[in-house]
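In what follows, a single structure is set out as structure tokens and then discussed.
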Amino acid sequence: VPVFPWHSLVPFLAPTQSD
Amino acid sequence: PPPTSSTVVPPSLPPYFIKGSIIQLADGELKRVEDLKTEDFIQSAEISSELKIDSSTVERIEGSHTSPNFAVVQFSVGEHRAQVSVEVLVEYPFFVFGQGWSSCCPDRTTQLLELPCTKLSVGDVCISLTLKNLR
């Protein structure tokens, strides 16, 4: 049975930081 | 104006959203995808050395110009309220704080994945990830 890491379920939204 | 970026999620549903999929939390605990709670994500992110949880508020949901099977969801991410739009299949589930899995078309999500799901709406606050110490 495959086991998936928790973070694969969460979209990775990394905005460009302006400061 | 806030910075804007755009992300396209691959046009297939990942296998880990299917009901019964086994998910490993950061502390090693195993849970089924449909049993995950907001605290599981928060606690896992606290353990993680690289990732942190950000709040992403749904600002707009509209149909994709590419295909009727897709939707474009615009988020306001983190304390900087950066605008990020994501093009996803309408059945693609997001985890809403305190609520659980939600998608643009929960009927399709339940039909295709058997994952219990509610309707994603403008104003919902979704769990997303960014890198720690990103600056």
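The figures that follow rest on heavy atoms only: side chains count, while hydrogens, waters and symmetry mates do not. Proteins get letters first, then strands, A, B, ... in listed order; numbering begins at 1 in each.
For the pair A:Val10/B:Phe41, a side-chain contact is recorded, criterion being any heavy-atom separation below 4.5 Å from C-beta on.
Hydrophobic clustering of Ile, Leu, Val, Met, Phe, Trp and Tyr side chains at less than 4.5 Å, counting indirect connections, unites B:Leu129 with B:Phe75. In this structure, B:Ile47 is not a member of the same hydrophobic cluster as B:Leu131, with clusters built from ILVMFWY side-chain heavy atoms closer than 4.5 Å. Criterion: ILVMFWY side-chain heavy atoms under 4.5 Å apart, direct or through other members. Under it, B:Ile23 and B:Ile18 are part of a common hydrophobic cluster. By the criterion of side-chain heavy atoms lying less than 4.5 angstrom apart, applied directly or through intervening Ile, Leu, Val, Met, Phe, Trp or Tyr residues, B:Val125 is grouped together with B:Val77 in one hydrophobic cluster. Two different hydrophobic clusters hold B:Leu89 and B:Val72 under the rule that ILVMFWY side chains link at heavy-atom gaps under 4.5 Å.
For A:Val3, the parts lying near chain B are the backbone and the side chain together; criterion is any non-hydrogen pair under 4.5 Å. Heavy atoms closer than 4.5 Å to chain A are found in the side chain of B:Ser56, but not in its backbone.
Residue-environment remark: CD (B:Glu50) stays at or below the threshold of 12 foreign heavy atoms within 6.0 Å.
Heavy atoms only, all atoms of each residue included: A:Pro11 and B:Ile127 are closest at CD-O, 3.8 Å. Of all the heavy atoms in A:Trp6 and B:Ala26, the pair that sits closest is CD1-N, 3.6 Å. Nearest heavy-atom pair across A:Phe12 and B:Leu51 is CE1-CD2, 3.7 Å. Listed here is the closest heavy atom pair of A:Leu9 and B:Tyr16: CD2-CD1, 3.3 Å.
Rounding to the nearest 0.5 angstrom, the gap separating the NE2 atom in A:His7 from the CD1 atom in B:Ile53 is 11.5 Å.
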